[in-house]
**Student:** 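Mind having a look at this structure? Questions to follow.
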Amino acid sequence: DVIGKVKLFSELMDCTIQSYTASSSSTTPSSSAAPNSPTKSKYITELDAAYDALQTQLITVRMAVAQSIATEKQLDAQISKNREFVKTWADRATEAEEKGQPRLKEVARQRQEAYEHAVIDLEKLLQNHKLENEELTLHRCELELTIQRAYAQIQLASSKEKASKAMAE
C-alpha cells in the first residue's frame, strides 16, 4: 500500500515537473505572482507542498524499512532457536533409545520433526520477507531520488522567479 502510494506520488511529481519545465520555456513562473511581491508563485507553493508530502512519505517508507529489517532479524533468531530445539530433541531421542525407552524416543522424534518443519516454514517466510524488504528498499531509493529532483526543481523555479522579478524592475 505504501509502495503504491509512493509510485503514484512520484509519477504525479514527475508530471508536475515536466509540465512546469514545458511551460517555463514560454512563460515565466512569476506570472502568477505580482511583480516585486515577497510571496512565492502558486507553482512554487505547489512544489513546496508536493516536496513536503514526499518527505512525509519518505519518513513512512523509512519506518517500514526499519520494521522490515527488525522482522527479518526476529525470523533469523526464531530459526536459530528452532534449530537448537531440533538438535536438543534429536539428542533426547538418541538418549531414550540408549536407555531402552521406545515411547520417549518416539515422542522426542515427533517433537524433533515438528521443529524441523517449523524451521522449513520459517526459512520460506524469511526468504519471502527478504524479497519484500529488497523491494521496499528499492522504493525508498526511488523516493529519495524523486525528492532530490523535486528539490532541484524548486530551486530552479525560485531562481527563475527571482531573475524574472529582477528583470521586471
Side-chain angles (χ1 to χ4, degrees), residues 1-22 40 42-158:
D1 190 30
V2 171
I3 293 171
K5 288 180 182 178
V6 169
K7 281 185 171 181
L8 178 63
F9 201 84
S10 178
E11 289 171 6
L12 289 173
M13 189 67 193
D14 286 342
C15 289
T16 302
I17 290 170
Q18 288 172 358
S19 68
Y20 173 73
T21 304
K40 297 178 183 177
K42 180 181 176 188
Y43 174 73
I44 293 176
T45 303
E46 289 173 359
L47 273 180
D48 283 339
Y51 180 79
D52 290 343
L54 283 170
Q55 289 284 16
T56 302
Q57 284 292 326
L58 180 59
I59 290 168
T60 303
V61 170
R62 284 180 175 165
M63 289 171 43
V65 168
Q67 181 63 41
S68 181
I69 291 169
T71 301
E72 194 173 304
K73 288 183 179 187
Q74 289 173 342
L75 286 170
D76 274 332
Q78 189 61 47
I79 289 169
S80 293
K81 284 181 185 178
N82 284 357
R83 284 185 177 143
E84 289 175 19
F85 287 137
V86 166
K87 185 178 179 333
T88 298
W89 286 107
D91 292 345
R92 288 181 182 174
T94 303
E95 187 179 315
E97 185 176 22
E98 290 171 356
K99 290 183 178 181
Q101 298 175 329
R103 178 69 185 127
L104 284 178
K105 175 189 168 192
E106 182 60 31
V107 169
R109 290 283 181 218
Q110 288 173 354
R111 290 189 181 176
Q112 176 189 354
E113 288 176 9
Y115 281 109
E116 286 172 344
H117 290 297
V119 166
I120 291 168
D121 292 342
L122 286 172
E123 285 175 339
K124 288 178 185 176
L125 183 62
L126 179 62
Q127 190 63 28
N128 289 336
H129 191 76
K130 283 182 178 183
L131 292 174
E132 291 172 6
N133 191 16
E134 287 175 15
E135 184 177 324
L136 193 57
T137 301
L138 176 66
H139 288 298
R140 178 190 51 87
C141 292
E142 289 172 354
L143 183 58
E144 287 171 344
L145 288 173
T146 301
I147 288 171
Q148 288 175 353
R149 285 196 321 261
Y151 181 77
Q153 200 63 34
I154 289 169
Q155 296 303 310
L156 177 66
S158 294

**Student:** If every non-hydrogen atom of S68 is compared with every non-hydrogen atom of L136, which pair is closest and at what distance?
**Tutor:**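 Nearest pair, atom of S68 first, then L136: CB-CD2, 4.4 Å.
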**Student:** Working to the nearest 0.5 Å, report the span between CD1 of I120 and OH of Y115.
**Tutor:**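 Answer for the CD1-OH pair, I120 versus Y115, is 15.0 Å.
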**Student:** Distance check, rounded to the nearest 0.5 Å: D121 atom CG versus L126 atom CG?
**Tutor:**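 Result: 12.5 Å between the selected atoms.
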**Student:** Just jot down the side-chain hydrogen bond (donor to acceptor under 3.5 Å, both in side chains) partners of E134, sequence neighbours excluded, or say none.
**Tutor:**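 If we apply the side-chain hydrogen bond (donor to acceptor under 3.5 Å, both in side chains) test to E134, skipping adjacent residues, there are no hits.
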**Student:** Rounded to the nearest 0.5 Å, what separates atom CD in Q127 from atom CG in L122?
**Tutor:**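 It is 13.0 Å, given to the nearest 0.5 Å.
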**Student:** Do L54 and L58 make a side-chain contact, defined as non-hydrogen atoms from C-beta onward lying under 4.5 Å apart?
**Tutor:**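 Counting from C-beta outward, L54 and L58 never come under 4.5 Å.
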**Student:** Using modelled atom types and a 3.5 Å cut-off, is there a donor and acceptor pairing between side-chain atoms of H129 and backbone atoms of T71?
**Tutor:**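 No: the side chain of H129 does not pair with the backbone of T71.
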**Student:** How would you list, by chain and number, every residue that makes a side-chain contact (heavy atoms from CB on, under 4.5 Å) with Q155, sequence neighbours excluded?
**Tutor:**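 In terms of side-chain contact (heavy atoms from CB on, under 4.5 Å), with neighbours along the sequence ignored, Q155 is linked to Y151.
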**Student:** Please list, chain by chain and in numerical order, all residues satisfying side-chain contact (heavy atoms from CB on, under 4.5 Å) with T45, sequence neighbours excluded.
**Tutor:**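 For T45, the residues satisfying side-chain contact (heavy atoms from CB on, under 4.5 Å) (neighbours in sequence not counted) are K40.
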**Student:** Looking at NZ of K81 and OG1 of T88, how far apart are the two atoms once the value is rounded to the nearest 0.5 Å?
**Tutor:**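 Spacing of NZ (K81) from OG1 (T88) equals 13.0 Å.
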**Student:** Locate the shortest heavy-atom distance separating N133 from E72; write the atom from each residue and the value.
**Tutor:**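 Minimum heavy-atom contact is ND2-OE1, 3.1 Å.
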**Student:** Does any part of the side chain of Q74, heavy atoms only, come nearer than 4.5 Å to the side chain of Q78, both counted from C-beta?
**Tutor:**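 No, their side chains stay 4.5 Å or more apart.
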**Student:** Could I get the full list of side-chain hydrogen bond (donor to acceptor under 3.5 Å, both in side chains) partners for Q55, not counting sequence neighbours?
**Tutor:**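 For Q55, the residues satisfying side-chain hydrogen bond (donor to acceptor under 3.5 Å, both in side chains) (neighbours in sequence not counted) are Y51.
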**Student:** Can you give me every donor-acceptor pair (side chain of residues 89-97, partner residue at least two apart or in another chain, under 3.5 Å) with its distance?
**Tutor:**
from, atom 1, to, atom 2, distance (Å)
D91, OD2, K87, NZ, 3.2
T94, OG1, A90, O, 3.0
E95, OE2, K99, NZ, 3.4

**Student:** Could you tell me which residues satisfy side-chain contact (heavy atoms from CB on, under 4.5 Å) with E116, sequence neighbours excluded, listed by chain and number?
**Tutor:**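 For E116, the residues satisfying side-chain contact (heavy atoms from CB on, under 4.5 Å) (neighbours in sequence not counted) are V86, Q112, E113.
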**Student:** Please determine whether side-chain contact (heavy atoms from CB on, under 4.5 Å) holds for the pair R62 and E144, giving the CA-CA distance in whole Å, both sets of side-chain angles, and the decisive distance to 0.1 Å.
**Tutor:** CA-CA 10 Å; R62 284 180 175 165; E144 287 171 344; 2.8 Å; yes
**Student:** If you compare all heavy atoms of N82 against all heavy atoms of A118, which two are closest, and at what distance to 0.1 Å?
**Tutor:**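 Looking at all heavy atoms of both residues, the shortest contact is ND2-CB, 3.5 Å.
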